[in-house]
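Okay, so here's the structure we're looking at.
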Amino acid sequence: MEAKKIRKTFIEFFESKQHQYVPSAPIVVKNDPTLMFTNAGMNQFKDAFLGNEEAKYPRVANSQKCLRVSGKHNDLEEVGVDTYHHTMFEMLGNWSFGDYFKKEAIQWAWELLTEIYKLDKDRLYVSVFEGDKGDNLAMDKEAFDLWKAIVPEDRIIMGSKKDNFWEMGDTGPCGPCSEIHIDLRSDAERAAIPGKDLVNNDHPQVIEIWNLVFMQFNRVADGSLKNLPATHVDTGMGFERLVRAIQHKSSNYDTDLFTPFLYTLEVKSGKTYGKDEETDIAFRVIVDHIRAISFTIADGQLPSNNKAGYVIRRILRRAVRYGYTFLGFQEPFLYELCDLIAANFGDIFPEVRQQKDFISKVIFEEESSFLRTLDNGLKRLDQIKKEMAASGETVISGPTAFELYDTFGFPLDLTSLIARENGLSLDEKGFAQEMEKQKNRSRAASEQETGDWMIINEDVAVEFVGYDFLEAHSRILKYRAVSSKKGKLFQIVLDKTPFYAESGGQVGDTGWLISEGEKIRVIDTKKENDLIIHFVDKLPVKADTLFSAEVDAKKRKLTMNNHTATHLLQSALREVLGDHIQQRGSLVNDEVLRFDFSHFAKMSEEEILKVEQIVNEKIRENIHLNEQRNVPIEEAKQKGATALFGEKYGDFVRVITFDPKFSVELCGGTHVPYTSQIGLFKIVSEGSISSGVRRIEAITSVKAENYLRGQEQLVKEIQEILKNPADLKKAVESLLSERNELRREIDSLHQEKASGVKQELLKAVEPAGNKNVIIAKVTLPSADALKKLAFELKNEVEMALVVLAADIAGKPQIAVILDDALISSENLNAGQIVRDLAKEIQGGGGGQPFFATAGGKNLDGLDHVVVKAKAQFLK
Ligand code: ATP
Ligand code: MG
């Protein structure tokens, strides 16, 4: 069965059991301070399990793009070395939200694996939670009995809390789980050692494929467990491992999910997969990493220097390094695999097909720039080798290896490889110490401590009323303290709030919480998952009371101007540049709007002007806002609403329209009721921020007005400086041409003078031994003129030794030039001579053996230079 069919079969199987298929959530997580990337199928349902949100369907099935390269789940170092952990993988899941429980979950899992996929029952093992004394929990008898009815008892393994009890975090929903493992060894191997002994033992052929989690408890703050009012099922099956089991392969990489990639790499590199373990690891690393890189870029995360972007950059570099070191790729190669990604995954994940060209361009640029860094690193390493040879050292020190790692992106394995090739060794311990030091440094910088929530009012649903009101009567539901290096703040959750929480590029609202006798400033509003959190720097004395929550209306209004202008800008860009324009990021606050979009060329002046004109036209048309909430997503898409890649949309969306023929966008932000409120739109900059992505910064209303007034003022001032000419432009032009004319004249005067000086000097040549010596004090207009003069003298005088002590616009300079023959025959060195003479002008310098210069501070010293040089060379 082909991989595509296996995925489809999974979904169809659960659809036949009344499950709703939902598409994968983006792989890049927004609005969750605890998570950068989706690392399990359950992430997108977290709010439903926590009770913050009602589940949309009682039964769901999906295939979720996951990435396990940071935080709690980090498999990066295993990837490529083993054959069943990936950075990016698909997690197939079936879900019950307060609907079915253990019985159906277990029966269906078994039915699907053994009857539909026809996996060999003799190779499967299941595990059951054995209980835990500390938590006062008995074994999961219910699951045990259910399994016993299907599989022989000796295939059931009892598992500890570590393996078989799943928890979302320190608090929250949790429960026992049952895992399904498969033994993929040969018959002979299986006869020799029973598979049961190898489950959960990191054996590469005895692996976990499916985890069925039964959520039935809630862990509360004091550490105890309470029964959940409703029970849920959350399952996760590694798709790549499943495909391998069904296709009877001994490695995930031998399945049709990866073989097309391996084949292409073989052709490109001229190397063969499956011959040599070191090369094989490189093959696997590359075909694994290209998926992680492509999928995250498709979901809007570009490689960069911090946070999630840095994680992606590191994965990309890891792939490039392996390709460079083991497969001989000295030029970018990864980007060429994007066609295969689109062809193999575009059906189920259309984003990688739609953005193929963009993804490949971004990867190409990253690769190219990293290969340059790598090159510099190799040069640095050459230098290190020389230094070590000179001092007789043979061990590359920890700090040196760390410098290569940190500055040049050289991983330890690469440095150690090169070391070995050169008969050197490497201080790995020292490297680890440096690494630890750096970790501590960055930990200290980012550390943030979050206190426990203090509950003031019992959980009620939180209501956002900020689309319609800038004020509300609100109560505090809960609050907690957060302290970081920047200081201590408090986070407050209100039952009802007009405060817009930062999202979709729009900044969070600021404002006040006002109660009797107290007024507390709200400094910022942000989302944590779907929870709206207000940041304050002090807590109200009386927390359990009614507050008037008031948004800073002036700031919000200016922000709205910029947000609507951003929509108009996006549509105008499409009109002027074409339909390929995709939003790549945006920032909207009360001062400025910033819009990043995919486009491969610099915008011309005319294009910028045209875009500006269109937006201002739309402003003057005074188009009214058409805001629709809760539009079914399909309907919105049919209307042609612009959606963002990597954005998580629900089934119902908010659609913001300014003229259905001009701008229709899915958007949660706040907008002006009429476009005329924006007043004026002005682009202030356009430039590139990374490969294929451009950024426009623009301002509106009062800001734009002030900007134009400033420009006008500037022109006025220039006019005054120029004594109010009738035609300002002409006046500046004639000033410039006059200046050019004068410069030409000066140049020719300088030349005349210099050639006069040269003639004088040629007359003053004094022979001394086999040398012809010129030593003189001269006055010259520039350092260039001095150099030119020195070279001309060398050319025109045989066996010349020239020392010029020059006054250059009041600054002393010395130039020494020698005939090349004198360097060896007389053992002379211009650099040494100039350094010695420079003492007379309190300066220093250097150069090459035949030509050197020095500058100094003491102009009066020039005469001494002449005397000293004469004493030295004219005897
Ligand atoms: P393992 O112990 O093998 O790392 P896990 O306990 O981390 O697995 P879960 O968190 O239970 O796995 O995830 C559910 C399923 O996802 C696993 O049963 C496995 O099939 C799959 N899986 C987990 N990590 C990876 C990975 N890095 N690459 C591919 N599949 C994975
Ligand atoms: Mg794991």
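The figures here come from the full heavy-atom set of this structure, side chains too, leaving out hydrogens, waters and symmetry mates. This is a predicted model, so every value here is computed, not measured. We number each residue from 1, following the sequence as shown. Atoms within each ligand, like the ligands themselves, are counted from 1 in listed order.
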* Would you check the N or O atoms of Phe89, main chain and side chain alike, for any that come under 3.5 Å of an N or O of ligand 1? => no

* For ligand 1, indicate whether the residue Arg241 contacts it via side chain, backbone, both or neither (heavy-atom separation under 4.0 Å). => side chain

* Asked: Going by the angle between their ring planes, with limits at 30° and 60°, are Phe258 and His86 parallel, tilted or perpendicular?
  -> parallel

* **Contact check: Glu240 vs ligand 1, nitrogen or oxygen atoms, below 3.5 angstrom** => no

* To do: Fit a plane to each ring of Phe97 and His232, take the angle between them on a 0 to 90° scale, and name the class: parallel (under 30°), tilted (30 to 60°) or perpendicular (over 60°).
  => tilted

* Asked: Can you tell me if Tyr84 has a non-hydrogen atom under 4.0 Å from ligand 1?
  -> yes

* Structure fact -> Among Arg68, Glu90, Met88, closest by heavy atom to atom 24 (N) of ligand 1 is Arg68

* Asked: Is Asp299 salt-bridged to Lys65, going by a charged N under 4.0 Å from an acidic O?
  -> yes

* Identity of the nearest option to atom 14 (C) of ligand 1, non-hydrogen atoms only, from Cys177, Ala245, Gly236, Gly238 -> Gly236

* Between Trp95 and Phe45, how do the two ring planes meet: parallel, tilted or perpendicular, split at 30° and 60°? -> tilted

* Considering only heavy atoms of Asn211, which atoms of ligand 1 have at least one such atom less than 4.0 Å away? -> 11 (O)

* **Residue part near ligand 1, for Glu179, under 4.0 Å between non-hydrogen atoms** => neither

* Asked: Does ligand 1 have a heavy atom under 4.0 Å from the side chain of Asp75, from its backbone, from both, or from neither?
  -> side chain

* Taking the six-membered ring for Trp, are Phe129 and Phe144 ring centroids under 6.0 Å apart? -> no

* Apply salt bridge (Lys or Arg N to Asp or Glu O under 4.0 Å) to Glu277 and Arg284, showing your working. => CA-CA 10 Å; Glu277 182 59 9; Arg284 293 197 288 264; 3.3 Å; yes

* Structure fact -> Per-atom filter on ligand 1: closer than 4.0 angstrom to a heavy atom of Met91 are 13 (O), 14 (C), 16 (O)

* Is Lys356 salt-bridged to Asp339, cutoff N-O under 4.0 Å? -> yes

